Amino acid sequence: MLITSFKVSKKLLWTSLFVVFSLILLLILAMPGAKSQDVVSKGINFKNIKTNEDRIAFLRQYGWEVNEQPVSVQEVTIPQTFDDVYTRYNKIQQKNGLDLTKYKGCRAKRWTYAVKNYPIDVGTQVYADILVCNDRVIGGDIATWNLNGFMHGFEYEK
């Protein structure tokens with residue numbers, strides 16, 4: 001029978017435990033579904049948006065009823081550098097639980113739908129925009145196209 005022993009300092013023991021727990025935390029955060037975009041916020045699903053029905057169902061999660069056919073479909077490129085307009089727009093996205101900085105330089109499609117049930121009469125048509133990249137909603141807004149109009153996130157703001 002062979003018996004060996006060794007002495008470990010408390011400092012080395014605590015450092016080793018810290019490294020092990022840090023690695024475990026990194027592995028958890030790196031797992032699919034652990035990224036902030038993948039987290040289902042307030043029960044809202046941002047993923048697997050492939051069809052027109054999926055986009056309409058996505059907007060229904062926020063209570064919006066829209067016309068079945070989009071008013072507009074455009075391919076857009078998220079700029080590498082945000083100007084003031086994109087910086088303000090990204091603040092709206094962050095309220096949505098999203099962040100466009102992760103998609104700088106990416107090409108996405110913007111789908112625009114006419115909203116049928118905006119809760120107050122604003123005297124003009126209200127639209128819902130959805131930015132989709134790789135079958136995932138990466139941004140969007142509820143807005144009017146008037147010069148004195150408004151724009152807010154997917155949740156209704158009184």
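All residue numbers in this chain count up from 1 along the given sequence. Because only heavy atoms are used, hydrogens play no part in the values below, and waters and symmetry mates are left out as well, while side chains stay in. Remember, predicted model here, so these are calculated numbers, not experimental data.
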Between Thr101 and Asp99, a side-chain donor and acceptor under 3.5 Å: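 Yes, side-chain donor-acceptor contact under 3.5 Å.
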Would you check if there is a donor-acceptor pair between the side chains of Tyr113 and Asp129 at a distance under 3.5 Å?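 No.
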Would you check if the distance from the ring center of Tyr62 to the ring center of Tyr156 is below 6.0 Å? no
So, for Tyr118 and Trp64, is the gap between ring centers shorter than 6.0 Å?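 Yes, close enough.
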Is the number of heavy atoms from other residues, nucleotides or ligands under 6.0 Å of [X] [atom1] greater than 12?
| X | atom1 | result |
| --- | --- | --- |
| Asp83 | CG | yes |
| Asn117 | CG | yes |
| Lys50 | NZ | no |
| Lys91 | NZ | no |

Distance-only, no hydrogens or angles: does the [X] side chain make a donor-acceptor pair with backbone N or O of [Y] under 3.5 Å?
| X | Y | value |
| --- | --- | --- |
| Asn90 | Tyr86 | no |
| Thr144 | Phe150 | yes |
| Asn96 | Leu98 | no |
| Gln125 | Ala114 | no |
| Glu75 | Arg107 | no |
| Asn52 | Gln69 | no |
| Asp141 | Ala128 | no |

Approximate separation, where rounding is to 0.5 Å, of [X] [atom1] and [Y] [atom2]:
| X | Y | atom1 | atom2 | result |
| --- | --- | --- | --- | --- |
| Ile142 | His152 | CD1 | NE2 | 6.0 Å |
| Asp135 | Thr51 | CG | OG1 | 9.5 Å |
| Ile78 | Thr81 | CD1 | OG1 | 13.0 Å |
| Thr124 | Leu147 | OG1 | CG | 11.5 Å |

Can you find a pair of side-chain heavy atoms, one from [X] and one from [Y], that are under 4.5 Å apart?
| X | Y | value |
| --- | --- | --- |
| Ile92 | Met151 | yes |
| Lys116 | Asn67 | yes |
| Tyr103 | Leu131 | no |
| Leu100 | Ile138 | yes |
| Thr87 | Val85 | no |

What is the minimum heavy-atom distance between Pro70 and Val73, and which atoms define it?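 Closest heavy-atom pair between Pro70 and Val73: CG-CG2, 3.9 Å.
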Minimum-distance pair of heavy atoms, taken over all atoms of Lys104 and Gln80: CD-O, 3.0 Å
Answer yes or no: is there an ion pair linking Glu155 with Lys95, defined by an N-O contact shorter than 4.0 Å? no
Side chain to side chain contact (heavy atoms under 4.5 Å, CB included), paired with Phe58, selected from Ile49, Asn45, Asn48: Ile49
According to a hydrophobic-cluster definition based on side-chain heavy atoms being under 4.5 Å apart (Ile, Leu, Val, Met, Phe, Trp, Tyr only), do Trp111 and Val115 belong together?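 Trp111 and Val115: one cluster.
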Go through the structure and list residues passing salt bridge (charged side-chain N to carboxylate O under 4.0 Å, His left out) with Glu53, not counting sequence neighbours.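 Here no residue qualifies.
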Which residue pairs pass the ring-ring contact (aromatic ring centres under 6.0 Å, His included) test when at least one of the two sits in residues 123-147, sequence neighbours left out?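 Residue pairs passing ring-ring contact (aromatic ring centres under 6.0 Å, His included), neighbours aside: Tyr127-Trp145.
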